[in-house]
Amino acid sequence: MKRLLLLLALSTPLLANAQPASQIAWTPAMLNLVKKGNAEKGKQLAESCKSCHGDQGQGLKAETQDGETIPAVPALAGQLATYTFKQLRDYANGDRSNETMNGIAKNLSEQDASDLAAWFGSLPRTVGATAPIKARAEKMVALGDGKRILPPCFTCHGSNGQGEKMDIPALAGQQADYFASTLLAYKKAERHNDIYSRMRLIAQQLSEEEIKELAVYYQQLK
Amino acid sequence: MNNAAEQKLVLSHLWVAFIAFVVACLLGEYQVLERSGLFPALDSTRVYFASVSTHGVLMAFVLTTFFIMGFGYYVAVSSLKQPLWNLPLAWISFWIALVGTVLAAIPLLTGNASVLYTFYPPIVAHAAFYIGATLLVVGSWLWCVIMLVTFGQWKKAHPGAPVPLAMFATAANALLWLWTSAGVALEVLFQLIPFSLGWIDTIDPGLARTLFAWTLHPIVYFWLIPTYIAFYVFVPKQAGGYLFSDEMARVAFIVLVVFALPIGFHHLYMDPEQGQGWKLLHGIGTFVVALPTLVTGFTVIASLEIAGRLRGGKGLFGWILALPWTNPMVLAVILSLLMLIFGGFGGIVNASYAMNAMVHNTAWVPGHFHLIFGGTTIIMYIAIAYYLWPLLVGKPLFSKNLALMQLWTWFIGMSILTTPWHVLGLLGQPRRISTVVYNNLLTLAWQPYEFMMILGGLVLLGSACLLIYILAKTQLAPAAEAFTGEIEYATPIHAVSTLPEYLNGFKVWNKVIAVLMAISFGFPILQFFFMDTFGSSAWGY
C-alpha cells in the first residue's frame, strides 16, 4: 500500500505536465512557413471571415439581440502574422476553445493559416471608438504594479501596443469587449494556450475593473 | 607639419570625431533625464534605446576611430618628417568610413538598430547598421595599412635607427586594431549580416558573443593608445621636463598590444558558453595587461616629477605644485591620471571573477567604462586637440583660460556623473534599463543618485559645447598674428641611439600574438563547430 501511494505521489507531476499549453514551437521551419505566407491567397480565404471579423478585419463589439449577448469578435487587422497563425493552429489542435473557430480552423491547412495570417497582418489597424482613458490603466501600461509583481504591459506588448516577436499580440486598436473577455478568460483559466501561463499569471492579479480600463486604453491606441 | 593637404586630411578626421562627440553628449544628457523618471514627458522606451544605441556608436566607434585615424596621420608625418604615403588612399579611407557612419546612422536614428553598441544576437538590427559599421571598420583598415607601410618605409630608409616613439606606438595601435577588429568582422560578415538580411534562419549567440569578446577588450586599448602616446611624447615636454624612459615606454606599448588581445573572456564571466578554465586563463591575462598601465603611471609620474623639480619644486610633493597647471596638456594629464586611478581600481574589480559576479550587468559597468573611457581617455583626446589645433590651422588657441575651464568642467562633470553611477550598481540597479518602475524603497533610494547623474551629464554637455566653441573659434576667428609654433616631441633623459629589433618593430610580436590568440581563442571558437548547438531565431527589441 505504501509503495502504491509513493508511486502515485511520484507520478503526480506527470499528470500536471500531461499537455503543453500549445503545440506550436517556433522552429526555423515554422517561422519560415509564417514568413512565406501568401497574402493574396489569404485574401481569398478571408472572404468567409468577413461576416464576423468585418470587411477590414476590424472585428465586432459585443451586442445584445433579443436578450441574447453575441460575444465580441477580435480585430485581426495589423496583427502579428505569427500570433494569428498560432491562434489558428491552437484552435485546430484544440489548445484553444471556441465552438465556431475550432470547427473553422480544423478545416484549414497549416499553409492556409499562414496565408490568412499574412493577409490580416497586412491590413491597417483600425482605431476604436473613444471613451475616457483612466489614469490607472495608463499607469499599469507604463509602470505595472510592483506590489503585485505585475510588470508594465509595454515591456512585452511594446510601447505602442504593437506586439513583439514571436507571438506577443498587437493590442493597439483591439475591440475593447473582446480584449476584456479574453483577459477574463485568462483570469478564469478558461483560455490556457499561453506558454508558461504568462498571461494567466498576470490576468489573475488584475481586477475586472482594471481589465475593462485596459481594454479601453488599448482600443484607442494607434 | 606644413603641408596644407595633410593638415586638411587631419582636420577633417578630427572634426567628424568631435561633431560625433558633441551630438553623443546631447543624447547622453537626454538618457540620464529619461532614466531618472523625474520627467514623465520624456519617457519613451523606444526613443531611449534608439538614443543609447546612437550615443554608444558615436562615442565608441565614430569619435574614436576618426580621432585615432586623424591623429595617426599627424604623428606619422610630423614624427617621421616625411610626407604621408598615399594621400589619396587616406581620403578614400576617410570617405568609406564616413559613408559607413551615415549608413549606420539611418537605422539608428529611426529606431531600427536599437541594439546598443554591442553586437549581441539574437537581438538584431537592420542590415544597414551592420553594413555601415563594416564600412567604418574597412575605412580604418586602410588607415592601418597606410600607417604600417609608412612605418616600414621609414625603417627601410633608416636602417638600424630607432623609430620615433610616437610613430612606434601609432604603428603598434594599427597592428592592434587589425587583430582586434578581426573578431567582430568575422561575427558581422558570417553571422549578423546574413542573419539581418534573412539569408540564415538562426544564429548561434554563443559563437557571436565569443567573437565579440575577442574584439571587446582590446578595442578599449585601441582607444587608449592615443592617450598613452600623449602621456609619453607630449606631456613631459609640455611640463618642462624629459621622458623618464623611452625604452620603458616601448615595453609598455608592446605588452599592451600583446596582452590586450587574448583576454576578452572577462566580459563573458557570467556566460554559459565558455568553460571555467578558459575564463581563468583570460582572467590571468587581464591582470597581466594591468602591468603596462602601472608602468605608464610610473613613467608619466616620474617624467612629471623631473619637470616639477626642474621648475624648482622641492620636497616629497612640492614638485606637484611646481608643475605648470595652466598648461592644458599638463592639467589634462593630472586629471586623466586621477580618473585612471579610480577607473583602474574599478577595472580590477571587473576582472576579478567573484567581484565581477556582484557587479555584472549592474549600473557599475557603464559607470566604470564612462570613467575610464569618457574620463581618462577622452580628456587626453581633448588635450591633444588643444595642442594640435593651432598647429593645424596656423592660429593661436582662441582662449587658454576657456580651454582650462573646459578641461576642469569635463573632469568635474565626469566625477559627478560616474560616482553615483558606480554606487547605483552597488545598490543593485541593473544596466541597460530605460526606466525604474518597481516603486519600492530600494528604487526610491536610487533617486538622489539619478539626480546627481543628471547634474553631471549637464556639466559634461556644457563642457563638450565649450570644446566645440573653442575649436571653432580658433579655426574661424581672425587671428591678430599667425601662429608659428612647431610640434614638440618630448626627449628622453637618456637619448636612444640603438635599439634591439624587438623594441623597434613588431615582426616577432605579431607571431607571439598569433600564438597567444590560437591558444586563447582556438578551442573556444572551434568548439561551436564540434558541438551540436542550436541556433536562436531573432527576437525583438
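Predicted model only: the values in this text are computed from it and were never measured. By convention in this document, chain letters (A, B, ...) are assigned in the order of the sequence lines, proteins followed by strands, and residues within each chain are numbered from 1.
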Point to revise | Rounded distance (nearest 0.5 Å) linking atom OH of B/Y48 with atom OG of A/S159 | key: 14.5 Å
Point to revise | Note, A/L31 side chain near B/D201 side chain (heavy atom, < 4.5 Å) | key: no
Exercise for review: Count the heavy atoms belonging to other residues, nucleotides or ligands that lie under 6.0 Å from CZ of B/F39, then report whether that count exceeds 12.
Suggested key: yes
Point to revise | Neighbour count >12 (heavy atoms, 6.0 Å) for atom NZ, A/K106 | key: yes
Practice item. Drop me the distance from B/T202's OG1 to A/W26's CH2, to the nearest 0.5 angstrom. Key: 16.0 Å
**Study point:** Whether over 12 other heavy atoms sit under 6.0 Å from B/F369 CZ
**Key:** yes
Point to revise | A/K212 atom NZ: more than 12 heavy-atom contacts under 6.0 Å | key: no
**Study point:** Leading residue by heavy atom contact count with chain A [cutoff under 4.5 Å; candidates B/S434, B/S537, B/G198]
**Key:** B/S537
Practice item. Calculate, to the nearest 0.5 Å, the distance between atoms CG and OG belonging to A/N160 and B/S44 respectively. Key: 7.5 Å
Check your understanding: Heavy-atom count around A/Q56 CD within 6.0 Å, excluding the residue itself: above 12?
Key -> no
